[in-house]
Number of protein chains: 2
Amino acid sequence: MSLSEKNLAFVMHCGEMGSRWGFNRTIGQMCGLLTITKEPMTANEIADTLSISRGNVSMGIKELQSWRLIKVHHIPGDRKEYYGPAGSIWDMANRVFEERKKREIDPTLSLLRDNILEEAHTDDERFAQQQMQEIHDLLETVTKWSAELQRLSPEQLQSLMKLGSGIGKVLDFKDKILKKPGKSE
Amino acid sequence: MSLSEKNLAFVMHCGEMGSRWGFNRTIGQMCGLLTITKEPMTANEIADTLSISRGNVSMGIKELQSWRLIKVHHIPGDRKEYYGPAGSIWDMANRVFEERKKREIDPTLSLLRDNILEEAHTDDERFAQQQMQEIHDLLETVTKWSAELQRLSPEQLQSLMKLGSGIGKVLDFKDKILKKPGKSE
DNA sequence: ATTTAATTTCTGAAATTTTTGAATACTAAA
DNA sequence: TTTAGTATTCAAAAATTTCAGAAATTAAAT
């Protein structure tokens with residue numbers, strides 16, 4: 001199992017970006033490799049292709065599964081496990097996004113909630129609390145919004161994405177349109 | 001300069017989240033501290049408050065400045081530098097987002113572009129290239145979109161964010177409304 | 001110019017993270 | 001039950017990152 005020069009370059013790039021994307025080098029490489037490889041690969045093939053230890057691959061697989069980025073395939077009469085991407089590119093991006101939200105936003109949101117509930121005593125605390133409130137509100141909006149996006153049908157999403165600079169126009173219309181009953185929130 | 005228990009908890013939390021947010025513990029703490037502290041602080045105050053070395057603070061400041069998250073204040077007749085947040089919470093979130101895009105997406109986008117330009121020779125390469133094309137298109141859409149969002153006025157953004165589940169409805173209307181001329185892309 | 005106050009850079013030590021590879025566990029077939 | 005093929009675990013080694021503190025630098029004040 002050896003990669004063409006270009007494909008190798010891509011896989012290595014994934015490794016280098018790995019840590020920025022939330023995992024480590026090896027896992028980034030594995031993810032990249034499985035994404036551009038047509039047929040699912042065995043753990044040993046992965047290890048050989050990337051020149052890393054078998055144990056490392058095993059850990060990497062576990063991690064990628066916890067991100068729900070890869071899935072296992074089986075071939076009848078063969079007891080090896082074959083790994084491939086868990087879905088489309090779009091699916092994978094969504095998973096990464098979701099998982100990162102869980103790790104990067106949710107814990108902070110929860111801490112902020114607790115903190116905001118308590119009463120501020122000093123002036124310093126009052127100012128701090130205001131700031132925390134703002135952070136909280138911002139994170140909550142983002143959270144709600146991403147949940148909203150995930151709820152849209154693929155067509156709607158497509159439509160929204162393609163909107164581009166049209167978004168401003170549509171927003172302006174929105175006010176006129178949504179003059180239905182009263183409160184909605 | 002000592003922090004109340006609650007504020008300390010927040011600052012330490014920022015430290016723990018630091019690496020997930022793209023910097024390291026110390027820098028996370030510094031960022032949190034400066035954000036909830038009303039008055040700008042000197043490097044020494046920061047070092048004392050967080051019990052870290054003066055040199056470390058200096059490096060942290062440089063890093064936070066490269067993220068454009070803090071700015072310097074001067075007090076007439078005082079040659080120390082005072083550091084405070086570079087803008088509102090919203091501004092800061094934007095900066096982090098922007099900066100991370102620059103670090104996490106742009107390099108990949110550029111690699112993918114190069115890769116896609118070349119011609120695929122083998123079947124494996126063809127498949128790989130298809131996948132890369134998809135990743136590329138996705139990242140480009142995200143990029144364009146975030147640029148679009150940044151172009152909106154704060155009011156429009158507010159409006160968009162508050163939309164929540166209304167987004168679906170608005171999208172449906174959009175098709176009817178935008179039945180202007182023909183192509184828009 | 002010299003002194004003084006401040007900031008920045010640098011180095012190696014410490015802490016943390018990643019990786020390996022041998023030992024162990026698992027599982028299906030013989 | 002045993003064996004063979006496979007996957008997983010985990011302690012130790014390697015690599016990387018972070019950090020304190022000293023030395024160097026810069027800039028203001030005298």
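The chains referred to below are lettered A, B, ... by the order of the sequence lines, with proteins before strands, and numbering in each begins at 1.
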Are [X] and [Y] packed together at the side-chain level, in the sense that at least one heavy-atom pair is separated by less than 4.5 angstrom?
X         : Y         : answer
Phe127(B) : Asp123(B) : no
Leu111(B) : Met132(B) : no
Cys31(B)  : Met92(B)  : yes
Met30(B)  : Met41(B)  : no

Across the strands shown, which category fits [X] at heavy-atom distances under 4.0 angstrom: base, sugar-phosphate, nothing?
X        : answer
Thr42(B) : nothing
Arg25(B) : sugar-phosphate
Ser51(B) : sugar-phosphate

May I ask you to say whether [X] pairs ionically with [Y], meaning some side-chain N is under 4.0 Å from a carboxylate O?
X         : Y         : value
Arg100(B) : Glu104(A) : yes
Glu148(B) : Arg151(B) : yes
Glu99(A)  : Lys102(A) : yes

Report yes if at least one side-chain N or O of [X] is closer than 4.0 Å to OP1 or OP2 of [N]; otherwise report no.
X        : N       : value
Asn24(A) : dT19(C) : yes
Thr26(B) : dC19(D) : yes
Arg54(B) : dT7(C)  : yes

Taking atom [atom2] of [N] as reference, at what distance in whole Å does atom [atom1] of [X] sit?
X        : N       : atom1 : atom2 : answer
Glu16(A) : dT16(D) : CD    : C1'   : 15 Å
Ile46(A) : dA7(D)  : CD1   : C1'   : 13 Å
Met30(A) : dT19(C) : CE    : C1'   : 13 Å
Leu64(A) : dT8(D)  : CG    : P     : 13 Å

- Task: Identify, residue by residue, the members of residues 68-85 of chain B with a heavy atom below 4.0 Å from DNA chain D, and return them in order of residue number, or none.
- Result: Arg79(B)
Just compare [options] and give me whichever is closest to any side-chain atom of [X].
X        : options                  : answer
Asn44(B) : dC19(D), dT7(C), dT16(D) : dT7(C)
Ser53(A) : dT20(C), dC19(D), dT8(D) : dT20(C)
Asn56(B) : dT16(C), dT7(C), dA20(D) : dA20(D)
Met59(A) : dC10(C), dT9(D), dT16(D) : dT9(D)

- Task: By nearest nucleotide on DNA chain D, pick out whichever of Ile52(B) and Lys62(A) is the more 5' one.
- Result: Lys62(A)
